[in-house]
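Beneath this line is the structure, given in structure tokens, with notes to follow.
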Amino acid sequence: MNTINLHNDADHTSSSNRYSRQLLFAPIGATGQAKLAAARVAIVGMGALGTVLSNHMARAGVGFLRLIDRDFVEQSNLQRQMLYDEADADASEPKAMAAAKRLQQANSAITLEPIVIDLNALNAESLLSDVDLILDGTDNFSVRFLINDVSAKHRIPWIYGGAVSSRGVSLTIIPGTTPCLRCMFGQSPAQGTAETCDTAGVIGPIIHTVASHQSTEALKLLVGAHEQLNRKMVHWDLWHNQHAAVDVSKARKADCPACALERYEYLEQDLGEDTIQTLCGRNSVQIQPLQAGSFHLEEWAAKWEPLGRIELNPFLLKFHINETLTLVLFPDGRILIQGTNDPSQAKSLYSRYIGM
Ligand SMILES: [Zn+2]
């Protein structure tokens, strides 16, 4: 009997074979590939954009990827969040962990650092200042303005991306060279004023369009092809066949608080009390206690067990209070109340069941 071994090269970390098509692409080549292997990238948000971004970066051979996300996988993610499957949703697997597992299967030669955390003013600098590039996979402006502050302060480029409905936008931001997010938008829009995913929905293809554009810009930056970067703010509407690139080269502001005056207001904002936040499109409220705690999930599971159905994995505890309300507790004390958009109801449930 004849057997045919199509994979004579058993060493799957052999980089010349793995990256052969990318090595043939002259602007990257062997020199660029070595730069990618040495590069460190942080991806903030491992939802729709983040899964596409991290997939491109991991497969391209970026040597270190930090995956930052506060959420766990749910059924409604599977339509567009391309690294997750039904088993991840059934297990309420944190997105950062599920993504790292999948990406490591795709490329065992790179280092992945999944972090299940809510990026905020207290932790943003330590999570984002030791990388070469920050990629935006978030869905909200408060986090983007934090990223922008870290970027300006530490002179780290970042690539803004956003998608809603069938529309998307992206901008490559290089501190000191291009306008930053504050030059462009001033300040973070108040919560509820920007169109969000709960009112408009989103289709999968626009995610890939935006994230693939961001990823291409990332590859250019990481291999040092700065002259090829797209200096325009790019917009798409895939459903209505529109594409525009807006010249923003004159948009740098001499009085920009972040990139000109070095005032990092989002980074330095006073988190004087617990933050309570209604989450975009999630029918959920997040409560982040000011002091990160250390919660033993098993103990809380035992405490709530008589009161409702419990689901527990190493990263989170779900307590189904009733048919509609679910409380999700993370080990650092962060809480999600699912089933409500009302911060005061969330706060009262928090006091009732956590009792602080
Ligand atoms: Zn600026």
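Note that ligands are numbered from 1 as they come in the structure, with each ligand's atoms numbered from 1 the same way. All values reported here derive from a predicted model rather than from experimental measurement. By convention here, the first residue in the shown sequence is residue 1.
- For D247 and R231, the salt-bridge test fails: no basic side-chain N is under 4.0 Å from an acidic carboxylate O.
- Of all protein atoms, those of element N, O or S that lie under 2.8 Å from the Zn ion (ligand 1) number 4.
- When the shell of 6.0 Å around CD of E323 is examined, it contains 12 or fewer heavy atoms from other residues, nucleotides or ligands.
- One distance of note links CD1 of I173 with OG1 of T177; it measures 12.0 Å at 0.5 Å rounding.
- With 3.5 Å as the limit, one finds a donor-acceptor pair spanning the side chains of D237 and S166.
- Counting non-hydrogen atoms of neighbouring residues, nucleotides and ligands closer than 6.0 angstrom, the CD atom of Q105 exceeds 12 such neighbours.
- Checked for salt-bridge contact, R102 and D85 meet the test: a charged N lies under 4.0 Å from a carboxylate O.
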